Number of protein chains: 2
Amino acid sequence: MSDETTEELMGATYRALCKHGYASLRMQDIADESTKSKAALHYHYESKHDLLLAFLEHLYEQFETEISEDCGGDPETQLLTFVEERLTPREEGQKEFQTAILEIKAQAPYDEAYRERLAGFDGLVFDRLRSLLQAGIDRGVVEEDVDPEDTAAFLAEHINGAQLRNVTVGAPLAEARQRLRAYLRREVLVGSGAENGGG
Amino acid sequence: MSDETTEELMGATYRALCKHGYASLRMQDIADESTKSKAALHYHYESKHDLLLAFLEHLYEQFETEISEDCGGDPETQLLTFVEERLTPREEGQKEFQTAILEIKAQAPYDEAYRERLAGFDGLVFDRLRSLLQAGIDRGVVEEDVDPEDTAAFLAEHINGAQLRNVTVGAPLAEARQRLRAYLRREVLVGSGAENGGG
DNA sequence: CCTACCTGACTGGCCAGTCAGTTAAATACG
DNA sequence: CGTATTTAACTGACTGGCCAGTCAGGTAGG
């Protein structure tokens, strides 16, 4: 299959997921977002499941590239930016897409292949957080008693939770972002936290 | 419909959800867990969706009762217990059930009725956390600069995230529990946190 | 004329929901 | 009291729509 075709089908899958979500996604929906027919999808991919796995793989590679790009500024800014970026919808349809991904996450326990791909994403986020925290400690902008491993996991959890709570009950992401920023400044970053005001 | 029948069908729905999850739950699966036939379910409930809503309602009432029961001990213990209880599978099949609920949460954006029920659960947890924090402040076991509203939301988010990350990528709940406990002791509770050890 | 790519039409399985009864218990009636 | 009638609670068999996946071709480039 040509790179062009791959790219088109991955794009169509993205758009279809945004429009319809995962649970009610039909092969026809993906075909409708592309210039190809439903049968063409089955020509290129063995099954719907197979296509979705390829899509996750594709997404992983995109994310991997993207995540290593935005390396501008000091660790403090980078950490704040990275964390808040996870909680800020950027493009059109980003929110719908997050929801679709959440649906896939909820399927992970029933599907090892999904689980593996999703573990990849989580690992990327976790590693990034950990290395930013470590860099922060090395340069003295992150508190010395912060354990990068623990804190990275804590942050990864919290980002997940904020997204989930936003999707589930409509809790505003902006507020979750503020709370997490406050946490970072108070607990993690040097020079703006609790040690300033004792009470 | 008799209370007995209601109870049986709600129980059957619970067991079926544990066994099959939400996405691949069939009316037949629920019937199989009860002494009734599939047609009987349709006799009592207008549709599958209707039955599931009734189930969520039932669950809400159970949870509401349960949550107001465990009112033993000081606010500190209660807070720690409550938070950690959310991150500790109790009964058989609790984990599977949490997964099924997560699947429903992921459907909330497409289904207002689900969203309302789930907002109810979230509200129950949030209110409990907030009042425990307030009680803690009043009795001097929770730091005075803690905002009960913000911290309750932060905790609710974090609990959601820990569960999600556990289900999605198999991150151990026990570790998430420890991290959250550490957070509470360090940031929220008086007398065991950062102010003890400066370096 | 062969291969890669693609299509419209079709098929088979799945499953929510329906329907035409059946049973048993309650209620009315002589 | 015994018998007729109604009603609630069911059941097994069926139906109709949906959709992933198939297939018998078609077309264009090498």
Side-chain angles (χ1 to χ4, degrees), chain A residues 1-58 100 103-104 106-108 110-114 117, chain B residues 1-58 100 103-104 106-108 110-114 117:
Chain A
M1 166 165 46
S2 72
D3 284 3
E4 202 179 336
T5 304
T6 307
E7 211 57 41
E8 181 182 357
L9 297 186
M10 295 297 98
T13 305
Y14 178 88
R15 289 188 295 280
L17 273 173
C18 291
K19 261 196 196 168
H20 305 278
Y22 171 79
S24 58
L25 183 73
R26 296 170 302 135
M27 287 299 261
Q28 190 59 58
D29 296 326
I30 301 174
D32 290 348
E33 294 294 324
S34 76
T35 64
K36 305 283 159 61
S37 71
K38 177 165 77 85
L41 304 183
H42 283 288
Y43 175 77
H44 289 297
Y45 298 95
E46 276 214 338
S47 65
K48 184 183 175 183
H49 189 244
D50 207 50
L51 191 160
L52 265 338
L53 286 181
F55 177 71
L56 286 181
E57 208 78 49
H58 183 80
E103 290 182 78
I104 297 178
Q107 290 308 306
Y110 311 108
D111 190 315
E112 197 182 338
Y114 281 170
R117 304 313 190 275
Chain B
M1 171 168 39
S2 72
D3 285 4
E4 202 180 333
T5 304
T6 308
E7 210 58 40
E8 182 182 355
L9 296 185
M10 295 298 98
T13 305
Y14 177 88
R15 287 187 297 278
L17 273 173
C18 291
K19 260 194 196 169
H20 306 277
Y22 171 79
S24 58
L25 183 73
R26 295 170 305 136
M27 286 299 260
Q28 190 59 58
D29 295 327
I30 302 175
D32 290 348
E33 293 295 324
S34 77
T35 64
K36 305 283 160 61
S37 71
K38 177 166 78 84
L41 303 183
H42 284 286
Y43 175 78
H44 288 297
Y45 299 94
E46 277 212 340
S47 65
K48 185 183 175 183
H49 188 245
D50 207 49
L51 190 160
L52 265 337
L53 286 181
F55 176 71
L56 287 180
E57 207 79 49
H58 184 79
E103 291 181 76
I104 298 178
Q107 290 308 305
Y110 312 108
D111 190 315
E112 198 183 338
Y114 281 170
R117 301 319 188 273

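Here is how names work: the chains are called A, B, and so on, in the same order as the sequence lines, proteins then strands, and each is numbered from 1. FYI, side chains are in, hydrogens and waters are out, and symmetry mates aren't considered; it's all heavy atoms of this structure. Note that the coordinates shown come from a computational prediction; the quantities given were computed from them, not determined experimentally.
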- Test item: side-chain donor near acceptor, B:Q107 and A:Y22, under 3.5 Å: no
- Checking all strands, does A:K38 fall into the base, sugar-phosphate, or nothing category for heavy-atom contacts under 4.0 angstrom? base
- Query: Below 4.0 angstrom from OP1 or OP2 of D:dA8, is there any side-chain N or O of B:H44?
  - Reply: no
- Could you tell me whether B:T35 contacts a base, only the sugar-phosphate backbone, or nothing, with contacts defined as non-hydrogen atoms closer than 4.0 Å? sugar-phosphate
- Item | Nucleotide D:dA9, atom P - distance to CG of B:D3 in whole Å | 12 Å
- B:D50 CG - C:dG17 C1' separation (whole Å): 13 Å
- Shortest non-hydrogen pair, B:T6 vs B:M1, comes out as OG1-CG, 3.6 Å
- Message: Quick check: closest heavy atoms across B:L25 and B:K48, and the distance to 0.1 Å?
- Response: O-NZ, 2.6 Å
- Query: Just how far, in rounded Å, is P of C:dC5 from CE of A:M1?
  - Reply: 9 Å
- Task: With heavy atoms under 4.0 Å as the rule, sort A:S47 into base, sugar-phosphate or nothing.
- Result: sugar-phosphate
- Where do A:I30 and A:L9 come nearest, in terms of heavy atoms and distance? CG2-O, 4.4 Å
- Message: In whole Å, I'd like the distance from the NZ atom of B:K36 to the C1' atom of D:dT11.
- Response: 12 Å
- From the options D:dT22, C:dT18, D:dC10, select the nucleotide whose nearest atom is closest to the side chain of B:A39. C:dT18
- Give the rounded distance in Å between these two atoms: CG of B:L25 and P of C:dC15. 10 Å
- Message: Which heavy atom of A:Y45 sits nearest to which heavy atom of A:A54, and what is that distance?
- Response: CE2-CB, 3.6 Å
- Task: Give a yes/no on whether any side-chain N or O of B:Y43 is located under 4.0 angstrom from OP1 or OP2 of D:dC10.
- Result: no
- Note on the structure: Rounded to whole Å, the NE2-C1' distance (B:H42 to D:dA8) equals 19 Å
- Message: Can you measure B:D32 atom CG to C:dC15 atom C1' for me and round it to whole angstrom units?
- Response: 13 Å
- Round to a whole Å and report the spacing from CZ of B:R26 to P of C:dC15. 5 Å
